[in-house]
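What follows is a set of notes on a single structure, which appears directly below.
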Amino acid sequence: MSTDDREHAAYDFAFVQEKWLPVWDQLEPFKSGRPEDPRPKKYVLDMFPYPSGDLHMGHAEAYALGDVIARYWIQRGFNVMHPIGWDAFGLPAENAAIKRNEDPRIWTYENIATQKASMRRFACSFDWDRVFNTCDPEYYRWNQWLFLQMYKRGLAYRKDSAVNWCPGCQTVLANEQVVAGLCERCDSVATKKKLNQWYFKITDYADRLLDDMAQLEGMWPEKVLTMQRNWIGRSIGANVSFAIEGHAEPVTVYTTRPDTLYGATFFVVAADSDLAAQLAQGTEVEKEFKEYLEKIKSASDIDRLATDRPKSGVFLGKYAINPINGEKLPIWASDYVLADYGTGAIMAVPAHDQRDLDFARAMKLPVRVVVNTGDEDPNKTGIATTSDGVLINSDGLNGLKKAEAIEKIIAELEKNGVGKATRNYRLRDWLVSRQRYWGTPIPIIHCAACGEVPVDESQLPLTLPDAQGLDLKPKGTSPLGAATDWVNVKCPSCGADAKRDTDTMDTFVDSSWYFLRYPSSTNHNEPFSRKDIDTWLPVDQYVGGVTHAILHLLYSRFFTKVLNDMGMLDFNEPFTRLLNQGMVQMDGSAMSKSRGNLVRLSDELAVHGVDAIRLSMVFAGPPEDDVDWADVSPSGSMKFLSRAWRLSGDVSSAPGVDFSHGEISLRKATHKALHDSAFAVESFRFNVAIARMMELVNATRKAVDSGCGPSDPAVREAVEAVAIMISLVAPFTAEEMWERLGHTPAVALAGWPVVDESLLVADAVEAVFQINGKIKERIEVSPTITDAELEALAMTHPTIVAELAGATPKKVIARAPKLVNIVA
RNA sequence: GCCCCGAUAGCCCAAUGGCAGAGGCAGAGGACUUAAAAUCCUCCCAGUGUGGGUUCGACCCCCACUCGGGGCACCA
């Protein structure tokens, strides 16, 4: 088909797509980091994908949204870095490898190639020169390096602990990966296992992770901040030390209500704690205690999560002494107290804590009210009173309010050396070792004589042994253990026979700092250079799903703070702004093959074209809302793009024509669209931005057909503006329009036209006159009219005069130029 | 149970205390056409989940409730 024929043919998206891709490959409009680039920087980042097959609808939405933002800031004259890479370690590759009996590398790199090709065709504005994969040795060597830095600083350590274990994945899980008692990956019921594992000491950073959120306020979705606050779960209280009858060591409890110390009537230790076992040992209740312990151990985490199940426990026959009044408190063991929170023991104040009250009522233990809250007696109601009030039955605290009492009792306890103010956190240390193959090997050697010996940094990367010949099937121990040549080494310290650590790192380690690597992705000497970091970081705009609200975002914030302490960067928060996109659904539920409601991205692209799919995603509604594919109309998107495209063929003025004498009302529409859609994009209301573009297309159509005609400069100005604006979302169509308008590519770099403020003022606006809030008259007025002028117009208007019938209004409110409201 | 978000036309969604409708989908009619598709034009449709309150004026702010979605859930 000749170019001439093509001119008259209908808009052919497939042809246009194939036409421009090679041109863009050559122009590289999105290359960032050219030396001496004078433009201010903007780092726009999409969460990198896991290479599980080809891109799907969810990717399409996420990357379409990120692309709008990146392309917008380029049009606004910023030097935008918009990189991409692959989060390429992880279980699916390993499972696929087991199934296909081949190296997980093959599956992984094949999928990466597929996704990469799809992203190019999807016209993602990525800087392809910065790509890396976390499974590249060149990347994970820096995971190992960072691990060693953490180790040096005491932030990476091993301990024995009851850890979450997924029987499905046959590996341990971090707390964050257990959702409602289930493995977040495979939904198996997580169990507990006593194991020696590696941890990162994220709890050292709990306060900073919490307090630094102040700077994210208004920049991150409130929802994410709330979830992180809940997750860290800081509470403020006191540790109080109780002597135990017949037990040498005192036991410390943590309480947020030290003011209620006089209301303590019993004492509870976590049944699964070492302390409980110690207290029971050798006593007549030991047998009963052990039976109880067995019973609760067999209860799954799911059962434990039910908060309404009856309280249970065993009296241990011993007594704790209340340090403030010498009272003897019976000690119980129960599973309602958690072994790994606080000290694993509590003082029970049933009057003012619901859980303690439930337990007291079940075990017929006394309840003593020590705070008069004005509520009914918990003894009668069974409802603990937790609000503020006046202290009673509490000696020196009587008459004080809660806050005063807390302050006074803590001072007293501290004076007597039996307590002190303390904070506690729900957050636990991050368990980072995994018993699987496809991850970063932990760079530690275990020597019988020297203990843990770090691999020398010069020996990094410590690459994975060849998967060939290894049994990757999950069996609870790392497959690396079977790679004898790899495992058996000489101790770097003493030279004796030693073994490598056989666990690999949680893949969340990989994603905790990848955003720091993009600017230095080809640096072979360090994970990232200070110069690159200072140039590009922090990330100005991060885009991704809310599913990572806790895990990835919390870990990345933690890494950033550690690196800040190491002096490797000088900011505290990695992601200045965060946008969470919703999910793509079909008929109200998540798409999946098993549900039979899967919409294939490749099918949709084939039928409607890339631009129409991108547009549909972005136009469907607010970005954070879920999109239901049943509600969107890709054919409607195509229709709009065709309308826009057709305009570019109608323009009959020459490129470079002076717009200033163009038809004024269309010019106003153009500048208003430019102004309003920019504002909408900056406030993430992309659907609104597109509505403004549609308005301008409609207005231009009208101007061409029945207004100023196609030769008016205002028409060219409008259509050029349309091309630039829709380039954010429909880059192929925009490029084609730009060419038809007589310009050279790339439209992505054309620049957002400067808005002429004088054209944003309307000639006349409609004002309304109300009486008692009811509209009585509408008139055209100048937008610059004053309140007094408008009021005078209203009071002399025949309709209003007639309505008032001579009565004197009580009050007149004028809001020029919009309305006058007369209160009669 | 606690906390957060939402509810506007048949549907998806706009409207920063000031005329409820920007945009789209679906629908109806018309123009063009031998006809159809495409295209262009025009039109229909709710008084903002319910009940109170504040205000000259409330989709918007406050209180209570209903429904939907999400988060947390023995963390002392």
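Numbered from 1 within each chain, the chains take letters A, B, ... in sequence-line order.
- Between the base of C56(B) and the side chain of Asn821(A) there is a donor-acceptor pair shorter than 3.5 Å.
- Tyr341(A) has a side-chain polar atom (N or O) that falls below the 4.0 Å cut-off from OP1 or OP2 of A76(B).
- Here Arg692(A) lies in heavy-atom contact (under 4.0 Å) with a base.
- Applying the 3.5 Å distance criterion, the base of C74(B) shares a donor-acceptor pair with the side chain of Lys311(A).
- Heavy atoms of Lys639(A) sit under 4.0 angstrom from primed sugar atoms or phosphate atoms, though from no base atom.
- Among the atoms of the strands shown, only primed sugar atoms or phosphate atoms (P, OP1, OP2) are found under 4.0 Å from some heavy atom of Asn698(A).
- When the C1' atom is used for both C60(B) and U54(B), the distance is 13 Å, rounded to whole Å.
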(request) Determine, step by step, whether Phe686(A) and Phe619(A) satisfy the ring pair (Phe, Tyr, Trp, His ring centres under 6.0 Å) criterion, reporting the C-alpha distance in whole Å, the side-chain angles of both residues, the deciding distance to 0.1 Å, and the verdict. (result) CA-CA 7 Å; Phe686(A) 307 121; Phe619(A) 185 56; over 10 Å; no
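- Across Tyr292(A), Phe359(A), Phe266(A), Phe267(A), a single residue satisfies ring pair (Phe, Tyr, Trp, His ring centres under 6.0 Å) together with Trp332(A), and that is Phe359(A).
- At a threshold of 4.0 angstrom between heavy atoms, the contacts of Phe640(A) with the nucleic acid are absent.
- Gln770(A) comes within 4.0 angstrom of a nucleotide base, judged by non-hydrogen atoms across all strands.
- The shortest distance between the side-chain N/O atoms of Thr226(A) and the OP1/OP2 oxygens of C72(B) is not below 4.0 Å.
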